[in-house]
Number of protein chains: 2
Amino acid sequence: MKKLMSNLSIDNVIFGFDTELKVLLVKHAEGISKGKWALPGGWAHSDESLDDAATRLLFELTGLNDLFLEQLKAFGDLHRFPDQRVVTIGYYSMIRTNEVKLLAGFTASDVKWVSLKSIQKLPYDHNEILDFGLATLRNKVKQEPIGLNLLPEQFSLYDLQQIYEAILQIQLDKPNFRRKILKMGFLKKSTIKQTKVSHRAAQLFEFDQEEYMKYKTQKFLLDFKT
Amino acid sequence: MKKLMSNLSIDNVIFGFDTELKVLLVKHAEGISKGKWALPGGWAHSDESLDDAATRLLFELTGLNDLFLEQLKAFGDLHRFPDQRVVTIGYYSMIRTNEVKLLAGFTASDVKWVSLKSIQKLPYDHNEILDFGLATLRNKVKQEPIGLNLLPEQFSLYDLQQIYEAILQIQLDKPNFRRKILKMGFLKKSTIKQTKVSHRAAQLFEFDQEEYMKYKTQKFLLDFKT
DNA sequence: TCAAAAGTGTTATGATTACACCCATGA
DNA sequence: TCATGGGTGTAATCATAACACTTTTGA
């Protein structure tokens, strides 16, 4: 039997990437914010851990269940939620935009990807949560490899570079970026090459899962200026 | 009127330094852990923000009120607390050990500094919270200047080096450490020197508050191997 | 005198940056 | 042919690590 924790909710910041960095928003189908676009979230249950609650809610809203959600922090300003005292725990993750199946019927009536550049005022403190998520992502990108969950199996180095550029909001030098990333050794050459592109076909790469995970746990410092 | 949030608590990880890195523990005077040493914490109230709750609890237990507490994250495992479902929000801070006045009478019957090396099993998931706090501190140390709240007004470069060594658990090269820190420019020479030390008297330094704060907000990457 | 820490100097190595330059492909 | 991205090369600069060495002080 699922008992809601009436003063504790979860909000997920789900990043995606196609040509630019996007975030997943849902349109509330019920509750006091009915009709408004907001971060996908909901109430925590008393019979599940916070991590499980975040995973459950993400699944209910997007159909995804093999994602690694990482906690951002608790947001506990006194008046962040109207009428009631509610503390929310923020989580974030990254997924390929085309993996999200839009689900109707649950507490969300609609789901969409929104470019970070065109985000307007969100209800509650969702802008603050989103900003914190973005700051965390920017920090993350410098400490572990990123892209495994954002890119298809096969991708070019430029695809990866564009993710770094979108997240960090800077221009990177192509030759230097290539060398830096390849030297880390978590990419391996794919056997296939690009086709039907109106420029020289790029060597495609895949993530070397084992090396990728090694880097993810070991941590490193990756500093980018250009 | 203060209403407790019965499923939401705060736990503070307070680091201190004299000759080694220490953490502040209190002996519970009441509740189900009566008599046990644990992290200083307590219930959040519904009429205060989480940050305010952390600050209040720290003041009630140590007499300190001008400290900057930073949130670690929410700890929400299902069985972290017995009988009841309780989510706790971890906070951490750093203070000079001699600034803490031991207060009797409140919900803590005793307070003490414990070396991190001699920490045993703590109640609930307090070991996990402490470990997370330490990991956060280790990360922090590489991204902003540290020591302002841990050292007296005047200190030698070696004093500062020992803090870095205690936090990071590595040996640092003295000449290299001096240069690296001084180049950052948030230390200024004090007018006085050490006296009565059985070795060459060290130049003492002070934090240049303005430069220190600038570095704190700007962030940087400081990588140490030796 | 000796131990202990203060403080300076030097060198090899490697990372970072900022470019110039050529290659391949479809429109 | 041209734009677009793929891909290699290189030289200047800077940061880092390792370590040798001199200085000062009280015990």
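Naming convention: chains lettered A, B, ... in sequence-line order (proteins, then strands); numbering from 1 in each chain. It should be emphasised that the depicted structure is a prediction, and the values quoted were computed from it without experimental measurement.
In terms of polar N and O atoms assigned as donor or acceptor, the side chain of B:Asn176 comes within less than 3.5 Å of the base of D:dA17 in a complementary pairing. Taking 3.5 Å as the limit, the base of D:dG26 and the side chain of B:Lys196 contain no donor-acceptor pair of atoms between them. Evaluation of atom-type donor-acceptor distances gives a pair under 3.5 Å for the side chain of B:Arg200 against the base of D:dT23. In terms of polar N and O atoms assigned as donor or acceptor, the side chain of A:Arg179 comes within less than 3.5 Å of the base of D:dG9 in a complementary pairing.
When the nucleotides C:dG26, D:dA18, C:dG9 are ranked by their closest atom to the side chain of B:Pro175, C:dG9 comes out on top. Nearest to the side chain of B:Lys180, among D:dT16, D:dT8, D:dC19, sits D:dT16.
Note on B:Glu70 versus B:Lys140: salt bridge recorded, some NZ/NE/NH1/NH2 to OD/OE distance being below 4.0 Å.
Annotation: cation-pi geometry not satisfied between A:Lys216 and A:Tyr212 (NZ/CZ under 6.0 angstrom from ring centroid, within 45° of ring axis).
Distance B:Arg178 CZ to C:dT8 P: 6 Å, rounded to the nearest Å. Rounded to an integer number of Å, the gap from A:Tyr158 OH to D:dT8 P is 17 Å. Here D:dG7 presents its C1' atom at 18 Å from NZ of A:Lys183, a figure rounded to the nearest Å.
Between B:Ser156 and C:dA6 there is a side-chain N or O to OP1 or OP2 distance below 4.0 Å.
Partner of B:Ile129 under the side chain to side chain contact (heavy atoms under 4.5 Å, CB included) criterion, out of B:Asp125, B:Asp131, B:Asn127: B:Asp125 alone.
Annotation: of the two residues near DNA chain D, B:Ala201 and A:Lys174, the 5′-most nearest-nucleotide partner is A:Lys174.
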